[in-house]
Amino acid sequence: MSPDFLNFIETVLNGLMTGVMYALVALGFVLIFKASGIFNFAQGVMALFAALTLVGLQTGQMPFSHLINATFGTDIHHWGPGLPTILAILMTMAVMIVLAFTIEKVVLKHLVNQEPIILFMATIGLAYFLEGFGDLMWGADVKPLDVGLPTGGSFWLEDVTTSWATAGSEYYGMYIDTLDVSAAIIAIILVIALTIFSQYTATGRALRAVADDHQAALSVGISLRSIWVIVWSISGFVALVAGIMWGAKSGVQFSLSLIALKALPVLILGGFTSIPGAIVGGLIIGVGEKLAEAYIGPLVGGAVENWFAYMVALAFLLFRPQGLYGEKIIERI
Amino acid sequence: MLYRETGDFSSTYAADQQTFPIRSERYLFWTAMAFAFLVVPFLVNDYWEKSVLVPLLVWSMAALGLNILTGYCGQVSLGTGGFMAVGAYACYKLMTAFPEMNMFIVVVLSGGVTAFVGMLFGLPSLRIKGFYLAVATLAAQFFLVWIFNKVPWFYNNSASGQITAPERTIFGVAVTGASAPPWATYLFCLTLVFVFAWVARNLTRGQLGRSWMAIRDMDIAAEIIGVQPLKAKISAFAVSSFYIGVAGALYFSVWLGAAEPTEAFGIDKSFLVLFMVIIGGLGSILGSFLGAAFLTLMPVLLKNVMVGGMSWPTDLAAHIEIMLVGGLIVFFLIVEPHGLAQLWRLLKEKLRLWPFPY
Amino acid sequence: MNQHINPGSMRADDGIEKGGMLLHVDNISLSFGGVKAISDISFDIKKGEVRAIIGPNGAGKTSMLNVINGFYHPQEGTITFRGEKRRRMRPHRAAKQGIARTFQNIALFKGMSTLDNIMTGRMTLMHSNILAQALWVGPARNEELAHREAVERIIDFLEIEHIRKTPVGRLPYGLQKRVELGRALAADPALLLLDEPMAGMNLEEKEDMSRFVMDVNQQFGTTIALIEHDMGVVMDLSDRVVVLDYGQKIGDGTPDEVRNNQKVIDAYLGVAHD
């Protein structure tokens, strides 16, 4: 195989890995949208918040230390050596559930029956609040996150792919981050688990009923509010997973919350209500972005990744406004 | 008895259709304007100009623009930052290419250029609605900022990639550049905002404004009774972008003096203006001003209290500020989805009956 | 400018005498996906008459109106309106030609006042450009005021002066229906399509609405096509009736003829007169 072709394959593979990350975030969006019709812009910040909390617990950071120090003139940083990773993850999950409860109680309960766009704006407000809150609680500096997943390139893959190249050509093998590979595996497990949950458990059935028709679900005795808490907790869990993956890859920092913006074109492609759609959309955007950066980028000065996904979504919308898996809309009056 | 409508009858349709049909309201408005135009210029100093008044006017202009699109025509846009960048870069190119041109003309032409770009990015609105459109406008946001970073022609090949506003004058008085006196920049912005707020009022009370609102409230019915969706939506995008472009031009040339696209025109600016419009009140001219004032003045106030008063570090104050802004958005959406403008209306209802409860 | 709300007055005279053909529907068929909503329907509407379209739910009545004003595009057949033949057209073009309508489920602009809603009805009659509107000068201002006067006449006619400035979202159902009629009248229509104008009303409201419909037809000579389920109303108001069932025409004629048509009785009235 020629090095050019191998490079192409490498770009596609890396794109798929990035796509898995996008899909993870998009998944959180889809879950909430299906169950409550809310387009949760805060999903990205939830991932950031989860990752911040995890790092904080893991390293034994004192919450609000900055604020306490500024107010009382003290100098506190840590309360101890920190928790073991597993315990920290479980505690973070507990925090995300508390967060889901709080959001339902303080925000959602009061916004029932509002127009979708109002709810969307409310989640933008929520995103801002959480971002400020997370920074206030744990500090805004970039933090490394290590949960014990393998990182770095795989030498095995490099050796194997080098042997594929045409003899005599200057090709030194593919670079695939092993972290990306574990992320992909975890994402696949997550999707399978979610599918089983929603297809085969009573709660899952209730969830799907609510997604279909709120009123009808209420009339057969499903509690809308507890469903919302469950859904927000699940997407809090998804956010935690996404936060761990992104955090382990590039450090826990503000830019993490911006992946929410990248998830939007993914959702446009996949449709807002389809879990397979979120996966496929994520992969398409991931691969497209990497290919555009590799092949169009050099021609126009790079950084094509910044807007490519949105342009794809825009072009796509013009031809198929209902998304990949959506049904054709018949307008009535 | 400052505010009452008793005995105030309109006997012609013209009188009924004026902006302030109630006499006391009219007096209040013109007094405020006289104060803003005739008194404030003598009081204003550098701090007030750069941290309060000019920001307030620039953001009011941008909020007016977005309110026309989102509040009146119902098309959500997250591309405000990108369109402000278009205004700023058009302004820069015009300022450097035609040094003799009057700044009023420069700014209005910058708005015109932005209106054209806005129309292009508004075309998808004919096929897509709601969230989908919001995502489509993100394409404008990121693409525009990217192109101003990558094409050296836009920043005249300057080494830093920044654009810097040269000194330009109106009637011999500098309004841009480092040596422009505060009163001049303030009056320059105030005049533009005053004129264009009046234009916005005219547009929204006329047939064009009604066609926008018809599209917003029920697009299918609007088309059936004769509103051309193409014309209504594209004109809303054009007018809205014009305002946002003017705001961008002022933001860069008068307020900042120098700008770098990623920093100055990022997605956070898009959200900021959207927040102003929501907090102020969708579909209200007054609301645009109230929203802009709220989100411009609150951080200044908070900063003074927290950093100045309680001597907290600035980053801490910034975290609390962003938390408060987010919290307030949610609060407003829950308590009063129609924003500050609606609170003002309710206050007027109360005032009209005062001192009786009902 | 326009000093009366006499519909048609602002539009070029079409030269059609009262009683002449205003609208011809020829062999229209419409389907969604594989589902046929209307199959091969033809009928006509004469100038100045009240033409009722009746039939059980799902018979294709509203779809028929949607075809007439260009919202749905039929797969087969043509529409001839005022001598102009067409197959496909955008709804706002139909509005420009003089077809106005009201909707089965009220489709008012909820955020706007009664006055603004009715003013919007004059969309196709106002022409001042954006610059004049922006500056609120001469032509734009005069046009606005002249049309305001015409709209006020409609407001008088419909007896809704007291809710002139109220946002329509706050109005009760019956008044909303009336405002919607006002909005349609404001277009000075040559053909007025009313989709169940009396649905969900109590007796008194129905009587009011019937009176308005009759007045519009008799005083202004406006041609009206009416969908209605209340047989009493239909028989009293309409000159001719067309009956649809399952997307097909099963009867056409004066109220008496239709009443005695065996097919109609079987399909529709028969249920009521068991």
Side-chain angles (χ1 to χ4, degrees), chain B residues 10 12-19 21 68 71-74 115 126 195-232 234-236 238-239 242-243 281-284 337-338 342 345, chain C residues 65-66 69-71 90-97 99-103 106-112 115-117 119-137 140-149 151-152 164-165 168-169 180 183-184 186-187 189 193:
Chain B
S10 19
T12 62
Y13 294 133
D16 191 51
Q17 262 160 329
Q18 59 186 330
T19 307
I68 285 173
Y72 282 95
C73 198
L126 299 173
V195 169
F196 283 110
W198 173 72
V199 167
R201 164 70 190 153
N202 289 342
L203 284 176
T204 50
R205 68 174 152 172
Q207 199 65 355
L208 190 63
R210 280 191 291 267
S211 73
W212 292 340
M213 291 188 272
I215 290 283
R216 172 195 68 190
D217 285 349
M218 195 157 275
D219 53 352
I220 296 172
E223 190 178 358
I224 285 172
I225 66 162
V227 176
Q228 291 181 44
L230 175 84
K231 213 170 134 189
I234 295 300
S235 65
V239 172
F242 176 89
Y243 279 76
L282 288 164
S284 157
H338 300 288
Q342 180 68 14
R345 247 169 269 151
Chain C
L65 288 200
N66 284 339
N69 70 3
F71 184 59
R90 300 294 303 165
H92 66 85
R93 288 284 313 149
K96 213 168 181 99
Q97 286 191 345
I99 302 179
R101 76 174 277 188
T102 66
F103 302 90
I106 297 174
L108 285 168
F109 307 124
K110 293 209 164 47
M112 299 159 74
L115 184 63
D116 278 338
N117 264 282
M119 283 294 281
T120 314
R122 292 190 84 75
M123 193 57 68
T124 55
L125 304 173
M126 293 172 75
H127 306 290
S128 64
N129 66 37
I130 179 169
L131 209 63
Q133 287 189 47
L135 302 177
W136 201 247
V137 287
R141 189 164 176 274
N142 292 340
E143 186 181 47
E144 178 87 12
L145 294 177
H147 284 276
R148 168 79 188 267
E149 208 168 321
V151 165
E152 287 291 344
R164 197 184 271 127
K165 300 248 166 124
V168 291
E180 207 183 26
R183 186 178 69 183
L193 310 175

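Convention: sequence-line order gives letters A, B, ...; per-chain numbering from 1.
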Trp136(C) six-ring face occupied by Arg201(B) cation (under 6.0 Å, within 45°): no
Heavy-atom proximity to chain B below 4.5 Å, by part of Ala134(C): both
Most contacts with chain B, counted as non-hydrogen pairs under 4.5 angstrom, among Leu108(C), Asn69(C), Leu145(C): Leu145(C)
Part of Ala222(B) within contact of chain C (heavy atom distance under 4.5 Å): both
Residue among Pro229(B), Gly206(B), Ser235(B) with most heavy-atom pairs under 4.5 Å to chain C: Gly206(B)
Salt-bridge criterion met for Asp116(C) and Arg210(B) (N-O under 4.0 Å): yes
Max heavy-atom pair count under 4.5 Å with chain B, selected residue of Lys110(C), Met119(C), Arg90(C): Met119(C)
Salt-bridge contact Arg148(C)-Glu152(C) (side-chain N to carboxylate O under 4.0 Å): yes
Under 4.5 Å from any heavy atom of chain C - which part of Val239(B): side chain
Leu135(C) and Trp198(B), any side-chain heavy atoms less than 4.5 Å apart: yes
Shortest non-hydrogen separation from Ser284(B) to Arg345(B) and the atoms involved: CB-NH2, 4.1 Å
Nearest non-hydrogen partners of Leu125(C) and Glu143(C), listed with the distance: O-OE2, 4.1 Å
Structural part of Arg183(C) lying under 4.5 Å from a heavy atom of chain B: side chain
Region of Met126(C) that comes under 4.5 Å of a non-hydrogen atom in chain B: side chain
